[in-house]
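Each chain gets a letter, A, B and so on, in the order its sequence line appears, and its residues count up from 1. Being a predicted model, the structure only gives us computed values, none of them experimental.
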Number of protein chains: 2
Amino acid sequence: MLNVNDVNATSLPGTLAFRFGTLGAMVTDLFVAALAPLDLKPKHVGVMVMLDLHGPAAQLEIARTMGVAPSLVVSLADHLEKLGAIQRVRDAGDRRRQVLSLTGKGRELLADALAAANRLDADLAGPLNEKDRKELNRLLGVLAAEAGLPH
Amino acid sequence: MLNVNDVNATSLPGTLAFRFGTLGAMVTDLFVAALAPLDLKPKHVGVMVMLDLHGPAAQLEIARTMGVAPSLVVSLADHLEKLGAIQRVRDAGDRRRQVLSLTGKGRELLADALAAANRLDADLAGPLNEKDRKELNRLLGVLAAEAGLPH
DNA sequence: GAAAATCGTTCATACTCTGAATGGTATTGT
DNA sequence: ACAATACCATTCAGAGTATGAACGATTTTC
C-alpha cells in the first residue's frame with residue numbers, strides 16, 4: 001500500500017526533529033547569554049513563568065509540569081529565593097508542601113527576562129517579514145499547546 | 001520616539017526565544033530516544049550530516065562548523081569509527097590532519113536516523129495540516145540558513 | 001634551521017541533572 | 001488510637017556532557 005500522504009523529508013536537515021534540535025540549541029545558548037546579567041538560567045525563568053501563569057504552586061507540581069526531578073526544583077527555588085524573586089512558605093493545610101509564589105522583585109525580573117527575549121527575537125526573526133514572523137509564532141504556539149508546554 | 005514596528009511579545013511563552021528553548025529541548029529528548037537503538041546521539045548525527053553535505057573534512061573544520069571544542073570531536077569520531085560509520089585517515093598532504101569520511105555503513109546509519117526523524121516528525125506535526133506543515137518547515141529553513149546551520 | 005603556529009589527543013575539571021536515602025508530615029487500615 | 005503506609009522536600013553521591021589547558025607531532029614562517 002502506497003503512502004497517500006507522504007511528507008517525509010529526504011535529508012535530515014529537512015526534518016523538524018533536526019531543525020528544532022539545532023535551532024533550539026543555538027537559541028538556548030543565546031538566551032543563556034542574554035539572561036546572564038540577571039543571574040538567571042532558562043529553567044529559573046521556566047519556574048517563574050509557571051508561577052506567573054498558574055499562581056502559587058508546590059514544588060512537586062512544578063517538577064511534574066516542567067518534567068524535571070523534584071531535587072532540581074529545590075536548587076532552582078533556592079536560587080530564586082536568594083534573588084528575592086519568590087517566596088517559599090509551608091502550606092498551612094499540608095505542612096509537607098513548600099508553596100512558591102512570585103514576589104514583586106520576581107515580577108520585575110520576569111519583565112527583564114521578557115525584554116531580553118524580545119531583543120533576542122528581533123535578531124532571530126531579522127530575515128523574516130512581519131507576516132512570516134507572525135505565522136511562525138502561531139505555528140510554534142500550536143505545537144507548544146499540543147505538547148502541553150506553556151503558551 | 002515611538003516604536004514604528006512593534007512586534008514585542010507581552011509574555012515570555014509568546015517569544016521565539018522561549019518557544020525554541022522549550023520545544024527544542026522536548027524534541028531533542030524525543031530524538032535522543034529515537035536514536036538510542038542506533039547507538040547514536042544527535043551530535044554524532046550532526047557530524048555525519050556534515051560529512052554527507054560537504055564531503056570529507058578534518059576534525060577541526062567539523063569542530064568549528066558545529067561550534068564545539070575540538071576535543072569533543074575526538075570522542076564523537078572515536079565512537080563513529082567504532083561503529084564503522086566513518087573512516088579516519090591522515091591527510092597525506094598535511095599529516096597533522098585526520099580526515100573523516102562517511103563509509104557505506106555510515107550512509108546506512110544516516111538513512112536509519114532519517115527514518116527515525118521522519119517518524120518523529122509525523123508525531124510532532126500531527127496537529128498541523130499539510131499547508132501549515134510546509135510553511136513551518138520553510139520558515140525554520142530560512143532561520144537555519146540565516147544562522148549558518150545545515151539546511 | 002630555529003621559532004612559532006597548527007592539529008589532534010589526553011586529562012582534569014565544571015556543570016547540569018538524576019535517583020537513592022532521609023526526615024518530617026499526612027493518610028489509611030484495623 | 002496507633003501502627004503501617006504514602007507523600008513532600010531535601011541532601012548527597014554519581015552519571016553524562018561539555019570545555020580548556022597541556023602535550024606530542026607536524027607544518028609554516030622568518
- Can you list the residues that meet the ring-ring contact (aromatic ring centres under 6.0 Å, His included) rule with H79(B), with sequence neighbours excluded? H44(B)
- Message: Could you work out, with salt bridge (charged side-chain N to carboxylate O under 4.0 Å, His left out) as the rule, every residue matching D112(B), not counting sequence neighbours?
- Response: none
- Item | Atom-to-atom span, CD of E61(A) to P of dC7(D) - whole angstrom | 15 Å
- Taken to the nearest whole Å, CG/L60(B) to P/dT27(D) is 16 Å
- Just jot down the side-chain hydrogen bond (donor to acceptor under 3.5 Å, both in side chains) partners of N118(A), sequence neighbours excluded, or say none. none
- Taking salt bridge (charged side-chain N to carboxylate O under 4.0 Å, His left out) as the test, write out the residues that go with E146(B), two or more places apart. none
- Qualifying residues under salt bridge (charged side-chain N to carboxylate O under 4.0 Å, His left out), relative to D91(B), sequence neighbours excluded: none
- Between A77(A) and Q59(A) the two heavy atoms that sit nearest each other are CB-OE1, 4.1 Å
- Message: Among residues 28-56 of chain A, which ones have heavy-atom contacts with DNA chain C below 4.0 Å?
- Response: K41(A), K43(A)
- Checking all strands, does V68(A) fall into the base, sugar-phosphate, or nothing category for heavy-atom contacts under 4.0 angstrom? sugar-phosphate
- What residues in residues 75-103 of chain B put a non-hydrogen atom under 4.0 Å from any atom of DNA chain C? R88(B), R96(B), R97(B), Q98(B)
- Task: State which residues pass salt bridge (charged side-chain N to carboxylate O under 4.0 Å, His left out) with E61(B); sequence neighbours excluded, sorted by chain then number.
- Result: R97(B)
- Mind checking which nucleotides bracket the chain A contacts on DNA chain C, 5' to 3', with an atom under 4.0 Å from a heavy atom? dT16(C) to dA26(C)
- side-chain hydrogen bond (donor to acceptor under 3.5 Å, both in side chains) filter on D29(B), not counting sequence neighbours, yields none
- Task: Identify, with sequence neighbours excluded, every residue that meets side-chain hydrogen bond (donor to acceptor under 3.5 Å, both in side chains) alongside D132(B).
- Result: R138(A)
- Let me know the distance between CG of L72(B) and P of dG16(D), rounded to the nearest Å. 16 Å
- Item | Residue list, side-chain hydrogen bond (donor to acceptor under 3.5 Å, both in side chains) with D94(A), at least two apart or on another chain | R96(A)
